[in-house]
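Single-structure report; data block below.
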Amino acid sequence: MTAKQHSSQPSETAPAGVRATQVWQRRTLDHAEQDWLAEEVPVALVYNGISHVVMMATPGDLEAFALGFSLSEGIIERPTDIFGMDVVAGCHGIEVQIELASRRFMALKEQRRAMAGRTGCGVCGVEQLEQIGKPLQPLPFSQTFDLANLDAGLAQLRDFQPIGNLTGCTHAAACMSPQGSLLGGCEDVGRHVALDKLLGHRSQQAWQQGAVLVSSRASYEMVQKSAMCGVEILFAASAATQLAVEVAARCNLTLVGFSKPGRATIYTHPQRVR
């Protein structure tokens with residue numbers, strides 16, 4: 001399917017996370033058509049009974065989202081720091097109840113206490129700009145990627161967006177092998193959530209070789225999340241921000257923007273690409 005395509009099929013044939021609706025098109029105002037909407041629901045991540053964050057997300061792959069978020073935010077160091085997980089539907093959204101190792105839960109409580117001590121907007125109480133982001137260990141230089149294989153990966157990205165193909169409303173994140181094949185991917189209405197879902201799956205699969213490809217721009221959070229999970233090469237379909245480039249340079253991540261057929265702009269550490 002194309003990025004946005006109408007269908008007269010009943011809604012039960014659509015993928016999970018999609019709802020049918022009526023719309024009126026500019027060219028046919030005299031009658032309604034069926035169209036599709038991507039679901040967006042509040043998802044609360046609850047660690048050892050304490051709600052830590054509520055994110056708006058597409059209600060799928062939520063275990064992978066919770067795992068990826070926990071890794072990319074430094075709440076856990078490895079997947080085995082989570083002892084159990086339950087996805088529970090609530091009145092106004094969904095809870096992912098996570099049983100965290102006691103030492104990681106204590107660290108999370110200390111982090112929350114430090115955040116609560118900040119004043120104003122949250123930045124005013126931070127003494128140095130570097131404290132806004134997570135502390136990042138410099139990445140090794142163990143990966144390379146041939147840009148001749150990028151177009152093949154780009155061509156497959158839609159295969160991992162069944163909701164996006166119906167609604168035109170999701171971002172995608174995928175792991176790309178050095179040969180350009182996509183090993184797996186996730187989608188969500190939020191680009192950060194799509195990346196977290198992918199990083200959660202990646203932590204449990206043999207997808208360490210190659211690069212990560214996202215359908216969005218590259219903000220510093222996208223770079224930071226990738227680096228926290230050991231991603232050495234990040235391809236973004238759109239531009240990168242100044243802070244994203246700065247963070248990528250500092251942590252040894254190769255950041256590539258405007259990743260489109262026949263095009264790529266390398267911002268940092270070009271020695272990994274050829």
*Would you kindly confirm whether Leu108 and Leu67 end up in one hydrophobic cluster when ILVMFWY residues are joined by side chain heavy atoms under 4.5 Å apart?*
yes
_Show me the pairs that pass side chain to side chain donor-acceptor pair (under 3.5 Å) and involve residues 139-150, at least two apart or across chains._
Ser142-Glu232, Gln143-Gln209, Thr144-Arg274
*Are Ile75 and Ile98 linked, directly or through other ILVMFWY residues, by side chains that come within less than 4.5 angstrom of each other?*
yes
*asked:* Donor-acceptor pair, distance only, cut-off 3.5 Å: does the side chain of Glu187 make one with the backbone of Gly164?
replied: yes
*Do Glu221 and His192 have side chains that get closer than 4.5 Å, going by heavy atoms?*
yes
*Does Ser226 use its side chain to pair, donor to acceptor, with the backbone of Met222 at less than 3.5 Å?*
yes
*Nearest heavy atoms of Pro138 and Asn252, plus distance in Å*: CB-ND2, 3.6 Å
*Of Ile94, Leu62, Val189, Thr58, the residue whose pairing with Val41 passes side-chain contact (heavy atoms from CB on, under 4.5 Å)*: Ile94
*Can you sort out the partners of Glu40 under side chain to side chain donor-acceptor pair (under 3.5 Å), two or more places apart, ordered by chain and number?*
none
*Any side-chain heavy-atom pair from Leu234 and Leu253 closer than 4.5 angstrom?*
yes
*Which ring pair (Phe, Tyr, Trp, His ring centres under 6.0 Å) pairs, counting each pair once, include a residue from residues 251-274, with sequence neighbours left out?*
Phe141-His269
*Can you see which heavy atom on Leu139 is nearest to which on Gly230, and at what distance?*
CD2-CA, 3.8 Å
*Are the side chains of Ile50 and Phe105 in touch, meaning some heavy atoms are under 4.5 Å apart?*
yes
*Just wondering, do Lys225 and Asp196 contact through their side chains at under 4.5 Å, heavy atoms?*
yes
_Min side-chain heavy-atom separation Tyr220-Val245 under 4.5 Å_ = no
_Interatomic distance, Phe65 atom CZ to Met55 atom CE [nearest 0.5 angstrom]_ = 5.0 Å
*Identify the two heavy atoms, one from Gly180 and one from Gln156, that lie closest to each other, and give their separation to 0.1 Å.*
O-NE2, 3.2 Å
*Cys169 side chain near Ile163 side chain, heavy-atom distance below 4.5 Å*: no
*For the atom pair CG (Leu37) and OG1 (Thr21), what is the distance rounded to the nearest 0.5 Å?*
5.0 Å
*Is there a donor-acceptor pair closer than 3.5 Å between any side-chain N or O of Gln208 and the backbone N or O of Arg202?*
yes
*Which pairs pass side chain to side chain donor-acceptor pair (under 3.5 Å) with one or both residues in residues 94-106, sequence neighbours excluded?*
Glu77-Arg104, Asp81-Arg103, Glu95-Gln97
*Are Val87 and Val54 in one and the same hydrophobic cluster, where Ile, Leu, Val, Met, Phe, Trp and Tyr link if side-chain heavy atoms are under 4.5 Å apart?*
no
*Cluster question for you: counting only ILVMFWY and a side-chain heavy-atom cut-off of under 4.5 Å, with indirect links fine, are Leu71 and Val46 together?*
no
_Audit row: Gln25, Glu33, side-chain contact (heavy atoms from CB on, under 4.5 Å) steps and yes/no_ = CA-CA 8 Å; Gln25 299 292 344; Glu33 300 177 4; 3.6 Å; yes
*Carefully, step by step, assess Arg191 and Ser219 under the rule side-chain contact (heavy atoms from CB on, under 4.5 Å).*
CA-CA 10 Å; Arg191 56 194 171 89; Ser219 61; 3.0 Å; yes
*Heavy-atom closest pair, residues Ser72 and Leu199*: CB-CD1, 4.1 Å
*Measure from the side-chain N and O atoms of Lys260 to the backbone N and O of Ala237, and report whether any donor-acceptor pair falls under 3.5 Å.*
yes
*Any donor-acceptor pair under 3.5 Å from Ser215 side chain to Ala172 backbone*: yes
*What is the minimum heavy-atom distance between Thr167 and Ala38, and which atoms define it?*
CG2-N, 3.5 Å
*Could you tell me whether the side chain of Asp35 and the main chain of Val23 form a donor-acceptor pair under 3.5 Å?*
no
*More than 12 non-hydrogen atoms from neighbouring residues, nucleotides or ligands closer than 6.0 Å to CD on Gln271, yes or no?*
yes
*Contact check, side chains of Thr241 and Arg217, non-hydrogen atoms, under 4.5 Å*: yes
*Modelled atom types, side-chain donor and acceptor of Ser181 and Gln179, under 3.5 Å*: no
*Under 3.5 Å, is there a donor-acceptor pair between the Arg78 and Ser203 side chains?*
no
*Drop me the distance from Leu198's CG to Leu183's CG, to the nearest 0.5 angstrom.*
9.5 Å
*Can you tell me if Lys197 uses its side chain to pair, donor with acceptor, with the backbone of Gly60 under 3.5 Å?*
yes
*Hey, is the main chain of Leu255 close enough, under 3.5 Å, to the side chain of Thr268 for a donor-acceptor pair?*
yes
*Can Phe69 and Val193 be said to form a side-chain contact (heavy atoms from CB on, under 4.5 Å), step by step?*
CA-CA 8 Å; Phe69 180 90; Val193 178; over 6 Å; no
*Of the non-hydrogen atoms in Ala173 and Ala194, which two are nearest, and what is the gap between them?*
CB-O, 3.7 Å
*asked:* Using a 4.5 Å cut-off between side-chain heavy atoms of Ile, Leu, Val, Met, Phe, Trp and Tyr, which other residues end up in the same hydrophobic cluster as Val273?
replied: Phe145, Leu147, Leu150, Leu154, Leu157, Phe160, Met176, Leu182, Leu213, Ile233, Phe235, Val256, Ile266
*Show your working on side-chain contact (heavy atoms from CB on, under 4.5 Å) between Val96 and Asp86 and close with a plain yes or no.*
CA-CA 6 Å; Val96 185; Asp86 292 303; over 6 Å; no
*Taking only residues two or more places apart in sequence, or in another chain, which ones meet Tyr47 in a ring-ring contact (aromatic ring centres under 6.0 Å, His included)?*
His52
*Can you check whether Asp61 reaches His201 side chain to side chain, under 4.5 Å on heavy atoms?*
yes
*asked:* Could you check whether any side-chain N or O of Gln161 sits under 3.5 Å from a backbone N or O of Thr170, counting only pairs where one atom can act as donor and the other as acceptor?
replied: yes
_For the NE2 atom on His31, are there more than 12 heavy atoms of other groups (residues, nucleotides or ligands in this structure) within a distance under 6.0 Å?_
yes
*Just by distance, do the side chain of Asn48 and the backbone of Leu100 share a donor-acceptor pair under 3.5 Å?*
yes
*Check step by step if salt bridge (charged side-chain N to carboxylate O under 4.0 Å, His left out) holds for Glu246 and Arg250.*
CA-CA 6 Å; Glu246 181 180 317; Arg250 188 165 63 237; 3.5 Å; yes
